[in-house]
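Everything numeric here is computed off the predicted structure, so don't read it as measured data. Naming: A, B, ... by sequence-line order, numbering from 1 per chain. The basis for the numbers below is simple: all heavy atoms, side chains too, and nothing from hydrogens, waters or symmetry mates.
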There are 2 protein chains.
Amino acid sequence: MLSNSSKYAIKAVLFLALNSKDNKKIMVKDISEPINVPQAYIAKLLQELSKKNIISSSRGPKGGFYLSNANMDNSLMDIINIIDGEKRLQACVLSLEKCNLEKPCPLHELVYPIKTKFIKVLQDRTIKEFSTLIKQGKVFLPF
Amino acid sequence: MLSNSSKYAIKAVLFLALNSKDNKKIMVKDISEPINVPQAYIAKLLQELSKKNIISSSRGPKGGFYLSNANMDNSLMDIINIIDGEKRLQACVLSLEKCNLEKPCPLHELVYPIKTKFIKVLQDRTIKEFSTLIKQGKVFLPF
DNA sequence: TCCTAAATATGATTTTTGTCATATTTTAAT
DNA sequence: ATTAAAATATGACAAAAATCATATTTAGGA
Ligand code: FES
Ligand code: FES
């Protein structure tokens, strides 16, 4: 479904959503530890997201990664698309190709509607919304 | 979700369910081509399944792979468990660990019920049932 | 201005997954 | 019995994913 890298990236961004602001940047080592991802690894992912303007960063002393208000309106799908590419989620459960709606595989009927919904939530809900749910204690960041 | 290997293996087994019998064995090269999987690769997977008695085989001239009646009562989950191991499907969408029901992640509520249902179908429905659906032309084997 | 703390760029290494090749064993048919 | 046709066992190789390392650039503070 999602690659490890995507999972890591999503956790990191949600962590930033909860803990950072324009004036409160967080450096990699303080991100990697609480979300339990190797520092050099998450650094690379965050750099990629920063380059694509999904998150913000500044270098030098007092620098670090953070989410601007604009960043808070991105979706988890934006992250996934950058890290995993756009095709991965569309693959048929039984083959490497994407769903063939004219010739659905034996599991299509079971899987397609829910996968479609999953994707929709992923692209409709903003980071900010997820962050609110976490703040309210309704859901939790893994690790 | 599923590894490529699992997808390949499932396709091969369903192909055997449709086209083989005790007295009509099929050799790898005649399996690999229609399901579009490299011959040496699917051979290895079939050998694994055969050793675990998910499918049947016999060697020598007129030999090949086939599904006995008993084999037809296995589930797709049996295949997945052998090829991918038992933990893969239980992983949380956002982390490497399995779902923590006390501390559900932000996507848990969306994903857990449907994944649970998916797994249930996978282990409740027999190969024979899937094979019937395909024969009826209601669903199709990919490729 | 210089020093230091941070991200960035780049790429090397390792692990896992996927793929291929081949010698061996078994079995049916002659 | 011999031969040939098949799976089996084993392991080599390749590609992709995950992980680690390091030199460079940027920016704040003394
Ligand atoms: S065709 Fe297989 S999941 Fe849609
Ligand atoms: S806790 Fe994340 S999917 Fe269940």
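One can place CG of B:L16 at 13 Å from C1' of D:dA7, the figure rounded to the nearest angstrom. Following rounding to the nearest Å, A:K62 (NZ) and D:dA30 (P) show an atom-to-atom distance of 11 Å. Distance B:I42 CD1 to D:dA7 C1': 14 Å, rounded to the nearest Å. In this structure, the CD atom of A:Q47 is 13 Å from the C1' atom of D:dA21, given to the nearest Å.
Residue pairs meeting the salt bridge (charged side-chain N to carboxylate O under 4.0 Å, His left out) criterion with at least one member in residues 44-54 of chain A, sequence neighbours excluded, do not occur. Each side-chain hydrogen bond (donor to acceptor under 3.5 Å, both in side chains) pair with one or both residues in residues 86-111 of chain B, not counting sequence neighbours, would appear here, but there are none. Contacts classified as side-chain hydrogen bond (donor to acceptor under 3.5 Å, both in side chains) and involving residues 59-76 of chain A (residues at least two apart or in different chains) are given here: A:S56-A:N71, A:S68-A:N71, A:N74-A:D78, A:S75-A:D78. For the ring pair (Phe, Tyr, Trp, His ring centres under 6.0 Å) condition, the pairs that include at least one residue of residues 18-55 of chain B, sequence neighbours left out, are B:Y8-B:Y41.
Linking ILVMFWY side-chain heavy atoms closer than 4.5 Å, directly or via other members, places B:Y112 and A:V139 in two distinct hydrophobic clusters. Both A:I82 and A:F65 belong to a single network of hydrophobic side chains, linked directly or stepwise wherever heavy atoms of I, L, V, M, F, W or Y lie under 4.5 Å apart.
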List, with names and distances, any nitrogen or oxygen atoms from the protein found under 3.5 Å away from nitrogen or oxygen atoms belonging to nucleotides 15-19 of chain D.
residue, atom, partner, partner atom, Å
D:dA18, OP1, A:N4, N, 3.2
D:dA18, OP1, A:N4, ND2, 3.4
D:dA18, OP2, A:S5, OG, 3.2
D:dT19, OP2, A:Y8, OH, 3.3

Every protein N/O lying under 3.5 Å from an N/O of nucleotides 25-27 of chain D:
residue, atom, partner, partner atom, Å
D:dT25, O2, A:R59, NH1, 3.3
D:dT26, O4', A:R59, NE, 3.4

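With sequence neighbours excluded, no residue satisfies side chain to side chain donor-acceptor pair (under 3.5 Å) with A:T132. Legend: residues meeting side chain to side chain donor-acceptor pair (under 3.5 Å) with B:K120, ordered by chain and number and at least two apart, are B:D124. Not counting sequence neighbours, the partners of B:S57 by the side chain to side chain donor-acceptor pair (under 3.5 Å) test are B:S50. By the side chain to side chain donor-acceptor pair (under 3.5 Å) test, B:K138 is found to be paired with B:Q136, residues two or more places apart in sequence or in another chain being considered.
Protein chain A contacts DNA chain C over a range whose 5' and 3' limits, counting nucleotides with an atom under 4.0 angstrom from a non-hydrogen atom, are C:dT4 to C:dA12.
With hydrogens and angles disregarded, no donor-acceptor distance shorter than 3.5 Å links the side chain of B:K11 to the backbone of B:N36. Between the side chain of A:K24 and the backbone N or O of A:N19 there is at least one donor-acceptor pair closer than 3.5 Å.
Atom OG of A:S5 is separated from atom CD1 of A:I79 by 12.5 Å, given to the nearest 0.5 angstrom.
Rounded to 10°, the helix from C:dT1-D:dA30 to C:dT30-D:dA1 has 10° between the axis fitted to its first five pairs and the one fitted to its last five.
Residue-level contact check: B:I26 touches the backbone only, with heavy atoms under 4.0 Å from sugar-phosphate atoms and none from bases.
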